[in-house]
**Student:** 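Next up is a structure, given as structure tokens.
Naming: A, B, ... by sequence-line order, numbering from 1 per chain.
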Protein chains: 2
Amino acid sequence: MRSPPSTYQEGFSVKKLSTRQQGILEFLESFIDEHGYPPTVRDIQHGCSISSTSVVDYNLRHLEREGYINRDPDVSRGIGLTEGSYGRRDNVVSLPLLGYIAAGTPIPVPTAEGWASTEPLDSVDVPTYLTGGRRDVYALKVKGFSMIDALIDEGDVVVLEPIRQAQNNDMVAAVLTDTNEVTLKRFYAEGSRVRLQPANSQMEPIYVDADKVEVHGRVVAVLRIM
Amino acid sequence: MRSPPSTYQEGFSVKKLSTRQQGILEFLESFIDEHGYPPTVRDIQHGCSISSTSVVDYNLRHLEREGYINRDPDVSRGIGLTEGSYGRRDNVVSLPLLGYIAAGTPIPVPTAEGWASTEPLDSVDVPTYLTGGRRDVYALKVKGFSMIDALIDEGDVVVLEPIRQAQNNDMVAAVLTDTNEVTLKRFYAEGSRVRLQPANSQMEPIYVDADKVEVHGRVVAVLRIM
DNA sequence: ACACTTCCCGCACACATGTGCTACTTCTAT
DNA sequence: ATAGAAGTAGCACATGTGTGCGGGAAGTGT
């Protein structure tokens, strides 16, 4: 929200904003938040202790050129934050929390279809940049400590995109059909069998026949509250 | 969204809206959605094919009296939908992304005060349940792979609450003042010295004098995009 | 028919508000 | 130093915009 459009993933190519521009941006945000409509140039002037409307205009032009805001010319209060405020609900998506997943102590898979047809226990709001705009994404809560090897701890929430066919190196929720165990591992297809690789070199990979494994989803994000 | 505020419960007092008022309400909604700011009386006039501004005003008064909208008198575009559109961002908060943190390769701490006075590089929207409503929370991006032992991977974003005094077992961002290294570890006070404990039993803890350590923040959440 | 309410119309006043103009200050690089 | 760029200041003009006023049209009950 504070950065020009696309930069988040890459690191940040943020052109520096002057203190005043930063201040205007913050004022803009809180004003809209408080009033429900954008401020006028003079609102900004007084709110930011600026002595002239033209200075506000000058800096607003700057902010628009840098992509922080949109302006509608000749329209009173015609200022909008680019990613902001109004569209912000679009930056959050509510995911169904379908159940628990663990490695060591297997949890029975509710239905043959996996969690897909399960009633959600709860729901979690996550920012869209975590899901990358994918559809039908769901969340599972990690139970037990046996998946520390995958950098995932008890209580973590994993966000999964439902897939049937994994690519190598994907971290997947896989069901071993003969034992009905479900586990989070990295996936590697090796001929007729599949290697399920922990992330910790201290632990041994699991090898199973390809037809004994069902991939239910691929982990796209992890959330941990400590 | 279409029903008047509190009166609805009681039953009756719902005065029916005229077609025109219904239309104005819908126009209001779509206009705000499209432009990011409320319409003027004249915008409504043209948008709803009304021949006079006073008619719009008349109906707006009506809508306000019935509780469908709020108006700020003498303020251009000072119209707001009561239940609407604006107040639903309470479940997301925008945190400043203040910089990087790593264990192995120490990164110079910008100022003696830590990141507190640093210009944010970017910002990250996170759901409020991750911060637990704490104030002054900030985010750091993890650089380098040397913190896998703490279940934290390269590129993860850690959310920190600024604290000066850590409790045992807290995961903290700690600065070793003599080498100016900053690291994420679990914190244990042991007499006059401090043990900074990795989460991996394969790795040795760091022992330092208590006065050689500055705790800057406590990790309250971790985000990982895979 | 009558009064009465609700709703509509056109207009115009007063102020709100975006923007252009000119001049001045501060910063920055040569 | 010095020139150019970036930022600040004050003002004024044209237009945007909320609101009030007199009056008309349409429904409603008696």
**Student:** For N59(B) and dC8(C), is the shortest distance between a side-chain N/O and OP1 or OP2 below 4.0 Å?
**Tutor:**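 Checking N59(B) against dC8(C): at least one side-chain N or O falls below 4.0 Å of OP1 or OP2.
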**Student:** Quick one: D43(A) CG to dA16(C) P, roughly how many Å, whole number?
**Tutor:**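 After rounding, the gap between these two atoms is 11 Å.
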**Student:** Tell me, please, which residues at least two apart from Q167(A) pass side chain to side chain contact (heavy atoms under 4.5 Å, CB included).
**Tutor:**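 For Q167(A), the residues satisfying side chain to side chain contact (heavy atoms under 4.5 Å, CB included) (neighbours in sequence not counted) are D170(A).
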**Student:** Which nucleotide in the list dG18(D), dT8(D), dT19(C) gets nearest to the side chain of Y58(A)?
**Tutor:**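 Looking only at side-chain atoms, Y58(A) lies closest to dT8(D).
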**Student:** Round to a whole Å and report the spacing from CZ of R77(A) to P of dT17(D).
**Tutor:**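 The distance from CZ of R77(A) to P of dT17(D) comes to 10 Å, rounded to the nearest Å.
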**Student:** If you assign each of S49(A) and D72(B) to its closest nucleotide in DNA chain D, which residue comes earlier from the 5' end?
**Tutor:**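 Between the two, 5'-proximity favours S49(A).
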**Student:** dT6(C) phosphate, OP1 or OP2: any side-chain N/O from R20(B) under 4.0 angstrom?
**Tutor:**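 For dT6(C), neither OP1 nor OP2 has a side-chain N or O of R20(B) closer than 4.0 Å.
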**Student:** Can you check whether S76(A) has a side-chain N or O nearer than 4.0 Å to OP1 or OP2 of dT17(D)?
**Tutor:**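 So the side chain of S76(A) is within the cut-off, an N or O lying under 4.0 Å from OP1 or OP2 of dT17(D).
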**Student:** Salt bridge check: are R77(A) and D72(A) linked by an N-O gap of less than 4.0 Å?
**Tutor:**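 Salt bridge flag = no for D72(A) with R77(A).
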**Student:** Using a cut-off of strictly less than 4.0 Å, decide whether R61(B) has a side-chain nitrogen or oxygen near OP1 or OP2 of dC8(C).
**Tutor:**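 No, because none of the side-chain N or O atoms of R61(B) sits under 4.0 Å from OP1 or OP2 of dC8(C).
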**Student:** Please determine, for the side chain of V55(B), which listed nucleotide (dA12(C), dC11(D), dC8(C)) has the closest atom?
**Tutor:**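 Among the listed nucleotides, the one closest to the side chain of V55(B) is dC8(C).
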**Student:** Using whole Å, what does the distance between atom C1' of nucleotide dG18(D) and atom CG of L63(B) come to?
**Tutor:**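 After rounding, the gap between these two atoms is 16 Å.
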**Student:** Nearest-Å distance, CD1 (I50(B)) to P (dT19(D))?
**Tutor:**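 Whole-Å distance recorded here is 16 Å.
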**Student:** With no angle test and no hydrogens, is the base of dG10(D) tied to the side chain of S54(A) by a donor-acceptor pair under 3.5 Å?
**Tutor:**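 Such a pair exists between side chain and base.
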**Student:** Can a side chain N or O of R71(A) be found less than 4.0 Å away from OP1 or OP2 on dT17(C)?
**Tutor:**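 Looking at the OP1 and OP2 atoms of dT17(C), neither is under 4.0 Å from any side-chain N or O of R71(A).
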**Student:** In whole angstroms, how far is the C1' atom of dG10(C) from the CD atom of Q45(B)?
**Tutor:**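 One finds 10 Å between C1' of dG10(C) and CD of Q45(B), rounded.
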**Student:** Check whether any side-chain heavy atom of I24(A) lies under 4.5 Å from a side-chain heavy atom of I50(A), and answer yes or no.
**Tutor:**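 They are in contact (side-chain heavy atoms under 4.5 Å apart), so the answer is yes.
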**Student:** Hey, is the side chain of R42(B) poking within less than 4.0 Å of OP1 or OP2 on dG16(D), counting only N and O atoms?
**Tutor:**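 False: R42(B) side-chain N/O out of range (4.0 Å or more) of dG16(D) OP1/OP2.
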**Student:** Between E161(B) and R218(B), is the closest basic N to carboxylate O distance under 4.0 Å?
**Tutor:**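 Between E161(B) and R218(B) there is a salt bridge, with a charged N closer than 4.0 Å to a carboxylate O.
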**Student:** Roughly, in whole Å, what's the span from CD1 in I44(B) to C1' in dG18(D)?
**Tutor:**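 Going from CD1 in I44(B) over to C1' in dG18(D) covers 11 Å.
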**Student:** For S51(A), answer base if it contacts any base atom (sugar-phosphate contacts may also be present), sugar-phosphate if it contacts only those atoms, and nothing otherwise; contact means non-hydrogen atoms under 4.0 Å.
**Tutor:**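 Since only primed, P, OP1 and OP2 atoms lie under 4.0 Å of S51(A), the category is sugar-phosphate.
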**Student:** Rounded to whole angstroms, how far apart are CG on D57(A) and C1' on dT15(D)?
**Tutor:**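 Distance, rounded to whole Å: 15 Å.
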**Student:** In terms of relative ring orientation, are H35(A) and F31(A) parallel, tilted or perpendicular, with 30° and 60° separating the classes?
**Tutor:**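 Correct class here is parallel.
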**Student:** Atom CD of E64(B) and atom P of dG18(D): how far apart are they, to the nearest Å?
**Tutor:**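 Checked: the CD to P distance equals 13 Å.
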**Student:** Given dT19(C), dT19(D), dG10(C), identify the nucleotide with an atom nearest to the side chain of T53(A).
**Tutor:**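 Nucleotide nearest to T53(A)'s side chain: dT19(C).
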